[in-house]
Amino acid sequence: MIAVSDIYDKVIELAKRRGFVWPSAEVYGAVAGFIDYGPLGAMMKRRIEEIWRHYYVIREGYYEIECPTVGAESIYIASGHVKGFADKMCQCPHCNEYFRADHLAEACGIESASHLTKEELAEVIAGAACPGCGEVFGKTEVFDFNLMFQTMIGPGSQRKGYLRPETAQGIFTDFSRLSHFYRMKLPFGAVQIGKSYRNEISPRQGMIRLREFTQAEAEIFVNPEKKRHPNFWRYADYQVDLWGIEQQQSNVDPIRKTMREAVDGGIIANEYIAYYLALTHDLLVSIGIDRSRLRFRQHLPDERAHYAIDCWDAEVLSGRFGWVETVGIADRTDYDLRAHAKESGDSMTVFVPFDEARTEKRKKIVADMGVLGPKYRGKAKKIADALAETSPGPDGAEVTVDGETIFIPGDLYALHEEEVEVRGAEVMPHVIEPSYGIDRMIYGVLEHAYDEEIVDGEERRVLRLAPCVAPVQVAVFPLVNKDGLEEIARKIASDLLEARILADYDDNGAIGRRYRRQDEIGTPFAVTIDYETKEKGTVTLRDRDSMDQVRMPADDLVAAIESLIRCRTAFADLKR
RNA sequence: GCAUCGAUGGUCUAGUGGCAUGACUUUGGCCUUCCAAGCCAAUAGCCCGGGUUCAAUUCCCGGUCGAUGCACCA
C-alpha cells in the first residue's frame, strides 16, 4: 500500500514525466488553473470521453451537440450567472486582504447578508474589524467579482460576451430546435462535451480546480408528471453507496441500496435521478474508479440550489484532497427553461397530448353585431372581442375597451355553452442534469490506478489502468534484436495498428526494461516475439497486472486483444 | 489574494560570489532466448525580470509556479 500523503505528488510527477498532463505553456511560466494534456493524457481523455458517449449518446440516445464557448450577455443574464455567479468582495485598506463582504457582515450579526446591496454591505463593514490584521475597515468599497471570464464581441465593445461557465446553457438555448428534432416527444435529451471557464480566485489543487476545464453534460427534458424512467429496470437492482441527507445529518456512513429501494424509500427523489446515479456509478467503475473509493452524496437542503428538487454528487476519494466532487446529478425542475422563456420570449414548451382527449364545457359569448355595430361603430369589434373573454353577470356584462368601461346589457349578446375537445397541454419540461467533470475523472482514474510494488528487490511502478482507457493498448517487443525477430515484430505491430489497436513497437534495451516502461504508462498488454514465433508462428501475450504470459498463435492476436480491451474477456480466461 | 517555506538536466539530488556534482532515465553502439543485468559513448540543468558587483545559479527586490495555513471553491 502506498503512503497516502504523497500519492498526489507521485501521480503528478509520473503524469508530467510520461506525457499525461503538463502545466500549460510552462516555457513562459505556467499560470495556475490551466493544464495541457500531453500525448498520452489527450489519448486517455479521448477514450474516456468516448466511453461517456457510449453511455449517453449511443445507449441513452441523447445526441451530442456543440455550441460556442463564447456566449452573448443575454444568455447569462437569463441563466442567472451574471448576477448569481458573482461574489460581493471587499479589500481591507490596511492589509490588502480580500474577503467575502457578506461573510464579514454575517460575522457582525447580520442575518442573510447575501441579500444586502453593495452599499448596505459597505456600511456594515465600515465598523467591522478585519479578520486579517484586526484594524477597523473604515470606508471600503464592495465590488462584484464575477467568476465568468468576460470579453467583447466585435470591435467597438458593442456587445459583451462571456466564456461559458458550463456547457448546459447551450442546450437550453437550443431547446426549441431540439424539441422539433425529437419530434416533440418527451422525454428527450441532448449532451455536450466541451470546455467551460471559471475565473477562480485562487485555484490550487492542480488538476482538481481549473480555470479552463472539460465538462460532459446531459440535459434530459422530461414531463414533470412522468418522472419514471422508461428503462429503469436496467438499474432497478443496481446497488450504490448512498450518503443521503439523513445519514449526513446523523453522522453515519453511507448506506448501500438498490435504486428501487432508494426511490421507493424516498431517499432519491425520482427514477430519473436514481437511474443516472446508477449509470454514473457504472460508468465511473468501468473507466477504473475504485468502487470502494466512490460514493454518492446528497446535497443538503441549504447547499442545494433553491429550484432543485434533488441533487447528488458522485464523490471520488483522493489521498490528497479527500472526497472530490466529480459528477453532479440534479433535478433542476423547469428553472432554466422558465428563465430563458422569460428573457427570450420563446415559449420553451412542448405540446403533450393527453392519453385521451378531454371534453371541456366552455361558455361562449357571441355578440349581436347587428346592434353593436351601429351603436358603437369603430369600437364594436373591440367590444365583441372583449365580450368573448369576459364572464357576464345576470343582466349584462362589463367590458373595458381602451380604458373605458362599458356596460353591455344581456340582450346584446347570446350566451352559448359548447363542448370543446382538448387534446393536450403545453408543458414546460423539467430538466434532469448529470454533469461530469472530465478532468477530475481523469485525475481520479490516474490516482486509483497508480500502484507501486517490489519485484525482485526493485520498485515497480505501474498504472493499473482499465484496458478500455489505457492510451497505449498493446506493446510489441522482439525478444532480441537480431535474427530477423525485429521484422516479424514490426509486421505484427502494423497488423494491430491496421485493426485500430494502438500498438507501440519497442526494441530498445533489455526486455525487462521495456515491460517496465509500458507498466508505468498503463499499457495493459505486451506481445513478445521470440524464436518460437519463427518456428511455430506463436507469440507470448503478457498481462500487465499479473505479469503472467500466455502463448498463442500470432494470427489470433487481433481478435484476442480487441476482446481484452473491450473488457469482454479477462486475461485469465485466455489461459483456458 | 495575504502569510510562511521552497524552486539546480526528463527525474531525484550535491554544491557554490569566479570551469555546476552524482545517480537514474533517455538516445546511439556492443552484448543479451522474457521482467529496470553488464560494457562504451552521447544528449541535457541553476524558474523569470530587475538591482548590487569586475563577476550572481548563489546576495537583495519584484514576479511566476508549487506546498502549507487563512480566505475563496456556482
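Naming convention: chains lettered A, B, ... in sequence-line order (proteins, then strands); numbering from 1 in each chain.
In this structure, the nucleotide among A36(B), C35(B), G66(B) sitting nearest to the side chain of Ala32(A) is G66(B). Proximity note for Arg513(A) (side chain, C-beta onward) versus G10(B), A36(B), C35(B): the nearest is A36(B). Across C73(B), U27(B), C12(B), the shortest atom-to-atom separation from the side chain of Asn508(A) is found for U27(B). Listed nucleotides: C65(B), C34(B), U68(B). Nearest to the side chain of Arg320(A): U68(B).
With a 6.0 Å cutoff to the six-membered ring centre and a 45° limit on the axis angle, Arg297(A) does not count as a cation-pi contact of Trp312(A).
Straight-line distance between the P atoms of U33(B) and A44(B): roughly 34 Å, to the nearest whole Å.
Here Arg460(A) lies out of heavy-atom contact (under 4.0 Å) with every strand. Glu532(A) comes within 4.0 angstrom of nothing in the nucleic acid, heavy atoms only. Using a 4.0 Å heavy-atom cutoff across all strands shown, Arg209(A) reaches at least one base atom of the nucleic acid. Gln549(A) comes within 4.0 angstrom of a base, heavy atoms only.
The CZ atom of Phe34(A) sits 12 Å away from the P atom of G66(B) (whole-angstrom rounding). Straight-line distance from the CG atom of Leu485(A) to the P atom of C34(B): 12 Å, rounded to whole Å. A7(B) atom P lies 21 Å from atom CD1 of Ile12(A), rounded to whole Å.
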Taking only N/O atoms, report every protein-nucleotides 3-6 of chain B pair under 3.5 Å with atom names and distance.
none

Which atoms of nucleotides 31-33 of chain B (N or O only) lie under 3.5 Å from a protein N or O atom, and what are those distances?
from	atom 1	to	atom 2	distance (Å)
U32(B)	OP2	Lys482(A)	NZ	3.4
U32(B)	O4	Asn481(A)	N	3.4

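No more than 12 heavy atoms of other residues, nucleotides or ligands sit less than 6.0 Å from atom NZ of Lys342(A).
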Note, RNA chain B 5' to 3' with Watson-Crick or G-U pairs under 3.5 Å encoded as ( ), [ ], | and . gives (((((((..(((.....[...))).(((((.......)))))....(((((..]....))))))))))))....
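Classified by its glycosidic torsion, C65(B) falls in the anti category, the angle being over 90° from 0.
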